[in-house]
Amino acid sequence: MAPRTVIAVDENWQFRQADKEDSQFLPVAQFPTNVHLDLLHNGLIPDPFIGKNELDVQWVGEAQWTYKTTFSAQAVPEGSKAVLAFDGLDTFATVSLNGSTILETDNMFTPFRVDVTNAIKEENELIIHFDSAYLRGWKLVEKHPDHKWGVWNGDNSRLAVRKAQYHWGWDWGPALNTCGPWRPINLEIYDARLADLSFDSNVDKSLSFADVKATAEVEYVEGAADKVRFDVTLEGQQVASETVDITSTEVSATFHVNSPALWYPIRYGKQPLYQVNATLLRGNEVVDEVAKKIGLRRAELVQRPLKEQPGTSFFFEVNNIPVYCGGSDWIPADNFIPRISREKYYDWVRLVAEGNQFMIRVWGGGIYEEQAFYDACDEHGLLVWQDFMFGCGNYPAWPELLTSIQTEAITNVKLLRHHPSIVIWAGNNEDYQFQESAGLTYDFENKDAESWLKTDFPARYIYEHLLANVCSDLIPRVPYHPGSPWGAGRDTHDPTVGDIHQWNVWHGTQEKYQNFDTLSGRFVSEFGMQAFPSVKTIDAYLPLGRDDPDRYPQSSTVDFHNKADGHERRIALYLVENMRYAPDPLEHFVYSTQLMQAECLASAYRLWKRQWKGPGREYNGGALVWQINDCWPVTSWSMADYYLRPKLSYFTVKREMAPVSVGITRREHRHPKDKYTRVYIDVQQRVEVWGSNLTLEDLEVDVVLRAWDVETGEQTWEEVKKGVALPENRSTEVAAFDVPVRNKGKGEEGRTVVAAYLVKGDVQIARYVNWPEPLKYLHLQKPKALKAELSGDLKTVAVSAEVPIKGLALESEDDDVRFEDNLVDIVPGEVVTIGVKGAKENTKIETRYLGML
């Protein structure tokens, strides 16, 4: 009897088109892989991300493909078994070993294990045949005509297939229906193994101790193993160890940890990770080992009645700290997942963390992400909202599909449940909204789960029964939410319960983004505004780059790289409502869309965080922008494009989610002298100022208020409020006053810029500049003394001007140059210092601002 051996089956792979007679086997690009990567590698298709090449590769998703390899294996010892472990096959796969079929799959998300003890030889041939998921999906649709099929994005065939739904195309991504062995394949030989290692951690409310129950699931034959040793370490130092005799297939040890090193969200503490090693023993011989890292934290979803407002709260509390979850939604970082490296995942998560975001939501139309993604979130202290993989449709629920979904849910929850970053699982993305839109049956008061399967909305059974039971069984301490959005079975747009997706800016009624305060909810898990990506990204997808004749905003190629219906009208609407702009040159049009997006998203964060008002008044508990990232080079709602180039909104959101910030809004109050008059109306332009303190310390600050004339650059007013209290972890109203003008009734309010600064001691800790809106009405002056000077140590840029400047952006042709802040508003008499990384002696920094052309 020998220890478990694991042999990676990752060499000698070849592929061919199975339904093409003269197709030859060719080498794969990498392993794991998918068919598009392999076709690209062999020069058989053009890059689908360039130009309109997506159209030229659609045939790939309707073809059949065969992968094969040969590998050697040692003889299986008497009493041992050989297992081929397939971590992920995309999607309809028939697997044969040495001429015999050993597996047929229909679920991309589910790992499969096959006992091949009697089939394995010294030299082996493994063949995997992949059918078209797209065509198989349509056959399943036809097989079930009684189901009320319907989707937003893609087509009905995707609902029948357990595969990443965005592969059918979405309103931000191409239709690229992949197939292939997308996760590792291993041959395991053993007589005993550790099948799983899980934890039930309970941190006491006092935070002074924690109980951790570690459970190892053991697969073995009699006499192959007799003990499991559990070792707990922290930063290399042993914390506890216990050896337990095997009496069943589950072996547990409970550890009592006094004064535990607690895992905190970013900014509220450190992220210590305990390592737990489970060692399977036969006597003193090591048979198998598994190690996982866990974080000890107390996490709760708080839904309780509120003071002075209807409904219930919806916010997360970690280690007794209420966390305002400003953050963003995550889609897969590439259409071709196997080429996303571990380093790329860390780069993305680091970008989110450095942007002052607390939460990232893994959206339900992609994948249960790679371990590297969650490892990075664990290490950086980002909270994760995890959707199950259902989105924007009316999913069927025939018995075989339910069985497949249950296996998918169980295996993926088991794979991910040790990550401390995951604080909620949600059943789907927008499927309850689709139910409402399509008028499907939903009676919340009916609790007979079996009866739901007989309605035209059978997926309710998946979300409120099947997935709910999997979570209660496997992760009882992690909240389960039936969908996003969802709130106590009410209309999904109800702002007083659960979470909402606020799409009445951009979609829906196309409200002005200045009115986000009237569009709030207890937790807004989606909202957004589109912007063009970096000009460098546009040049990268244009076939001829900077020389391409389609290098202008309304060209057919640029339009092709925006998948949102009606995007031309919507971008134009929000631009024309808010600012003066022109389509030429391209660089300035891109800037204009990014300024618009930045203003929109910052407005939402600023106005909603204002409603985070302390205990019992958590009227808004979080805002997740749709979306942080892209899966290809595209114009979309992302805050950073496919190449991790931040759009300007990334920086305005970063400022709004800083530990301490200050906000201003303007309101017009009209008071007619009687109910008939159209002439005798007293109009007041009021300014409201508040401070947001997300730290855990009460602050006392001075609030400096100033005003300037936007046309002359003259400072017209100043007032200082001394010793203003900003209690911990909430927003506090600071001041309200008329827009300060010298001559009331002369329209000077429309040319007055107001700024607020929070000062502690001699240090300015927050600033915000508020402008009359819409910005298009302003007579902005071109500065004659604009400076953006790189410091001698190449670490900062000092920016100043003699007139107010709206939206000053720093730019550099060098991709290595990264600014720590950007898109700042400049007022006379002030120097704004911006950190910079990667600058060199010869670095040239350009500026761009509203009204420069």
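Since the structure is predicted, the reported quantities are computational estimates derived from the model, not experimental observations.
Formation of a donor-acceptor pair under 3.5 Å by the D550 side chain with backbone atoms of S555 is not found in this model. Between the side chain of H561 and the backbone N or O of L542 there is no donor-acceptor pair closer than 3.5 Å. For the pair W182 (side chain) and M108 (backbone), a donor-acceptor distance under 3.5 Å is present. A donor-acceptor pair is defined here as one N or O able to donate and one able to accept, closer than 3.5 Å; no such pair exists between the side chain of Y574 and the backbone of C600. Side-chain N or O atoms of Q627 include one that pairs as donor or acceptor with a backbone N or O of N629 at under 3.5 Å. Formation of a donor-acceptor pair under 3.5 Å by the T105 side chain with backbone atoms of A93 is found in this model. Distance alone, capped at 3.5 Å, is enough to place a donor-acceptor pair between the T403 side chain and the P399 backbone.
Taking the ring centroids of F49 and F336, they lie under the 6.0 Å cut-off. For W170 and W363, the distance between ring centers is under 6.0 angstrom. Ring centroids of F457 and Y432 are separated by less than 6.0 Å, placing the two rings close together.
Closest approach of P27 to F15, counting heavy atoms only: O-CE2, 3.8 Å. Here the closest heavy-atom approach between residue A540 and residue Y643 is recorded as CB-OH, 4.0 Å. Residues V141 and N156 approach most closely at CG2-O, 3.8 Å, considering heavy atoms. Across all non-hydrogen atoms, the minimal contact from F532 to Q594 is O-NE2, 3.0 Å. Nearest heavy-atom pair, T593 versus V590, reported as atom, atom and distance to 0.1 Å: OG1-O, 2.9 Å. Minimum interatomic distance between Y642 and A333 (heavy atoms only, all atoms of both residues): CE1-O, 3.6 Å.
Pairs engaging residues 85-94 under the side-chain hydrogen bond (donor to acceptor under 3.5 Å, both in side chains) rule: D90-K163, D90-T178 [sequence neighbours left out].
With hydrogens and angles left out, the side-chain atoms of T537 and R645 include a donor and acceptor closer than 3.5 Å. For the residue pair D155/S157, the side-chain donor-acceptor check at 3.5 Å is satisfied. With no hydrogens or angles considered, a side-chain donor-acceptor pair links E408 and Y368 at under 3.5 Å.
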Pair R551, D539 - check salt bridge (Lys or Arg N to Asp or Glu O under 4.0 Å), show working.
CA-CA 8 Å; R551 194 180 185 269; D539 289 342; 2.7 Å; yes
What verdict does the side chain to side chain donor-acceptor pair (under 3.5 Å) test give for N53 and D47, after you've listed the backbone C-alpha separation in whole Å, the side-chain angles of each residue and the deciding distance to 0.1 Å?
CA-CA 6 Å; N53 291 342; D47 187 339; over 6 Å; no
Steps toward side chain to side chain contact (heavy atoms under 4.5 Å, CB included) verdict (E430, E526):
CA-CA 10 Å; E430 295 186 354; E526 280 190 23; 3.2 Å; yes
Start with the C-alpha distance between Y395 and D431, add both sets of side-chain angles, then the distance that settles side chain to side chain donor-acceptor pair (under 3.5 Å), and finish with yes or no.
CA-CA 8 Å; Y395 283 83; D431 291 354; 5.2 Å; no
If you apply the rule side chain to side chain contact (heavy atoms under 4.5 Å, CB included), what do you find for I340 with W348, and how did you get there?
CA-CA 11 Å; I340 309 172; W348 270 114; 5.9 Å; no
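Between atom CD1 of residue I128 and atom NZ of residue K68 there is a gap of 13.0 Å, rounded to the nearest 0.5 Å. The CD atom of Q165 lies 5.0 Å from the CZ atom of R158; values are rounded to the nearest 0.5 Å. With rounding to the nearest 0.5 Å, the separation of NE2 in H419 from CD in E369 is 11.5 Å. To the nearest 0.5 Å, atom CZ of residue F92 and atom CZ of residue F130 are 12.0 Å apart.
Heavy-atom contacts from other residues, nucleotides or ligands closer than 6.0 Å to CG of D565 number 12 or fewer. Annotation for E123: atom CD counts as buried by contact number, over 12 foreign heavy atoms lying within 6.0 Å. Around NZ of K536, the count of heavy atoms belonging to other residues, nucleotides or ligands within 6.0 Å exceeds 12.
A cation-pi contact, defined as under 6.0 Å to the ring centre and within 45° of the axis, is absent between K647 and F651.
Ring pair F560/W632 is perpendicular by interplanar angle, where above 60° counts as perpendicular and below 30° as parallel. Taking the six-membered ring where tryptophan is involved, the planes of F388 and W425 are tilted, since the angle between them lies from 30° to 60°. In this pair, W65 and W59 present their aromatic rings tilted. The plane angle is within the 30 to 60° band.
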